[in-house]
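Please read the structure below before turning to the comments.
Just so it is clear: chains get the letters A, B, ... in the order the sequence lines come, proteins before strands, and each one is counted from 1.
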Amino acid sequence: MPELAEVAFACSIWNSNLNQKIKKVEVSKTSRVFRDCEPSQVEDALSQTILKSSATHGKQMLFKFTGDKWLGLHLGMTGSLALEESSYTAEKHDALILYQPSATLIFKDPRQFGKVSLHIGKTVPSWWKDLPTSMLDEKFDQQIVTTALKRHARRPIKALLLDQRYFQGMGNWMADEVLWRAAIHPASPCGKIKKTAEDHLFKQILFVARGAMNSVGVNGGDPPKGWLFHARWKDGGLCPKTGKKLRREKIGGRTSCWCPHIQNK
DNA sequence: ATACCTGTTTCCCG
DNA sequence: CCGGGAAACAGGTA
């Protein structure tokens with residue numbers, strides 16, 4: 001599930017239960033999400049602390065606990081956060097469970113492409129400070145797009161949009177949504193994109209990022225009606241604008257969906 | 001059985 | 001050195 005706005009919504013689930021003591025921590029000893037830290041260390045570090053605040057940046061999440069403990073989470077492809085009753089018992093793909101007096105916070109991830117990181121210190125971890133500018137930041141300007149297009153002139157634009165060095169939080173459906181709205185074919189080489197198309201691209205990146213945050217990011221669920229999102233998943237989908245059949249093909253390593261009548265190479 | 005998947009990292013090529 | 005693409009990671013689902 002997890003792109004920009006879905007990550008923000010997932011974060012808000014845990015964030016809805018701040019300021020309660022973590023009575024017990026349960027970790028999976030085998031999940032690959034602990035490849036960058038020891039599960040037992042996370043268990044020890046978070047026990048008897050209190051979750052004080054949370055933040056997201058693109059697809060990254062950071063949770064701050066008392067005692068200078070910081071937990072970083074990435075949801076990968078299939079990760080999710082949940083809030084359950086305090087009587088909750090561990091299920092098959094639960095990687096990390098935080099038991100509070102009145103609720104339980106759960107991080108589950110069947111495919112285990114997600115990632116847990118632990119930081120202990122007075123200040124935020126360096127890997128958090130050094131993240132690229134967020135698409136939601138006012139400092140995210142068209143120059144970032146211009147520079148990226150120029151540097152990767154031979155790459156298909158779809159692949160560039162998925163590059164987290166430039167577009168923090170952009171995922172497969174968001175990228176298709178942006179290109180559809182900007183009327184750019186996903187296979188277009190970045191170096192072939194004209195100035196006016198680039199203007200549209202920049203505007204639609206902001207539109208999709210903000211639009212997703214204001215809908216999915218707040219209430220979970222799906223983006224608004226009329227978005228390509230609703231038609232792009234399966235073969236035979238119809239373009240919400242033209243009513244014509246959408247095309248699907250692997251571009252930039254990922255299945256891409258576009259409307260041939262709007263998006264020409 | 002087969003193929004596919006809202007992500008990232010690593011490896012290999014030119 | 002850099003850019004680009006394929007493969008790998010792992011389990012569920014159609």
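Per the geometry, CE belonging to M77(A) stands 15 Å off P belonging to dG12(C), to the nearest Å. Taking atom CH2 on W127(A) and atom C1' on dT8(B), their separation rounds to 15 Å, with Å as the unit. The nearest whole Å value for the distance from the CG atom in D36(A) to the P atom in dC9(C) is 17 Å. In this structure, the CZ atom of R35(A) is 8 Å from the C1' atom of dC9(C), given to the nearest Å. The distance from atom CG of D109(A) to atom P of dT8(B) is 12 Å, rounded to the nearest whole Å. For the pair R248(A) CZ and dA3(B) P, the computed distance is 16 Å after rounding to whole Å. Between the CD atom of E249(A) and the P atom of dC5(B) there is a distance of 13 Å, given to the nearest Å. Computed from coordinates, the N172(A) CG to dT8(B) P distance equals 11 Å when rounded to whole Å.
Side-chain nitrogen and oxygen atoms of R254(A) include at least one within less than 4.0 Å of the OP1 or OP2 phosphate oxygen of dT6(B). Applying the 4.0 Å criterion to OP1 and OP2 of dT8(B), one finds that Q164(A) has a side-chain N or O inside that range. Between K250(A) and dC4(B) there is no side-chain N or O to OP1 or OP2 distance below 4.0 Å. Contact check, T255(A) against dC5(B): a side-chain N or O comes under 4.0 Å of OP1 or OP2. Distances shown here put a side-chain N or O of Q112(A) below 4.0 Å from the OP1 or OP2 atom of dG11(C). For K115(A) and dT8(B), the shortest distance from a side-chain N or O to OP1 or OP2 is not below 4.0 Å.
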Base-pair map of DNA chain C as dot-bracket, where | denotes pairing with a different strand and pairs are Watson-Crick or G-U under 3.5 Å:
.||||||||.||||
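Distance check on atom P: dA6(C) versus dC4(B) gives 14 Å, rounded to whole Å. Comparing the P positions of dA3(B) and dA7(C) gives an interatomic distance of 14 Å, to the nearest angstrom.
Among F65(A), F63(A), F107(A), the single residue meeting the ring-ring contact (aromatic ring centres under 6.0 Å, His included) criterion with W14(A) is F63(A).
The ring of F113(A) lies on top of the base of dC9(C), close enough and flat enough: under 5.5 Å between centres, under 30° between planes.
In terms of position on DNA chain C, the residue among R32(A) and H93(A) whose nearest nucleotide sits closer to the 5' end is R32(A).
In this structure, OG on S54(A) lies 8.5 Å from CG on L62(A), to the nearest 0.5 angstrom.
When heavy atoms are screened at a 4.0 angstrom cut-off, G171(A) is found touching the sugar-phosphate backbone but no base atom. Across all strands, K92(A) comes closer than 4.0 Å only to sugar-phosphate atoms, never to a base (heavy-atom distances).
In the hydrophobic clustering of this structure, M174(A) groups with W233(A); members are Ile, Leu, Val, Met, Phe, Trp, Tyr whose side-chain heavy atoms approach within less than 4.5 Å, directly or through other members. Linking Ile, Leu, Val, Met, Phe, Trp and Tyr whenever their side-chain heavy atoms come within less than 4.5 Å leaves L161(A) and V216(A) in two separate clusters.
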At a cut-off of 3.5 Å, list every protein nitrogen or oxygen paired with a nitrogen or oxygen from nucleotides 1-5 of chain C, distance to 0.1 Å.
residue, atom, partner, partner atom, Å
dG3(C), OP1, R151(A), NE, 2.7
dG4(C), OP1, R154(A), N, 3.4
dG4(C), OP1, R155(A), N, 3.3
dG4(C), OP2, H152(A), ND1, 2.5

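Residue pairs meeting the side chain to side chain donor-acceptor pair (under 3.5 Å) criterion with at least one member in residues 199-212 of chain A, sequence neighbours excluded: Q142(A)-D199(A), K195(A)-D199(A).
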Side-chain donor-acceptor distances from residues 253-261 of chain A under 3.5 Å, at least two apart:
residue, atom, partner, partner atom, Å
S256(A), OG, K158(A), NZ, 2.8
S256(A), OG, R254(A), O, 3.2
W258(A), NE1, H185(A), NE2, 3.2

Extract all donor-acceptor atom pairs below 3.5 Å that involve side chains of residues 115-123 of chain A and protein atoms in other chains or at least two apart in sequence.
residue, atom, partner, partner atom, Å
K115(A), NZ, D36(A), OD2, 3.4
H119(A), NE2, T123(A), O, 3.0
K122(A), NZ, D68(A), OD2, 3.3

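Because its NZ or CZ atom is both nearer than 6.0 Å to the ring centre of W227(A) and within 45° of the ring axis, R181(A) counts as a cation-pi partner of that residue.
Partners of R248(A) according to the salt bridge (charged side-chain N to carboxylate O under 4.0 Å, His left out) rule, which considers only residues two or more places apart in sequence or in another chain, are D235(A).
The two residues Q168(A) and T133(A) make their nearest non-hydrogen contact at CG-O, 4.1 Å.
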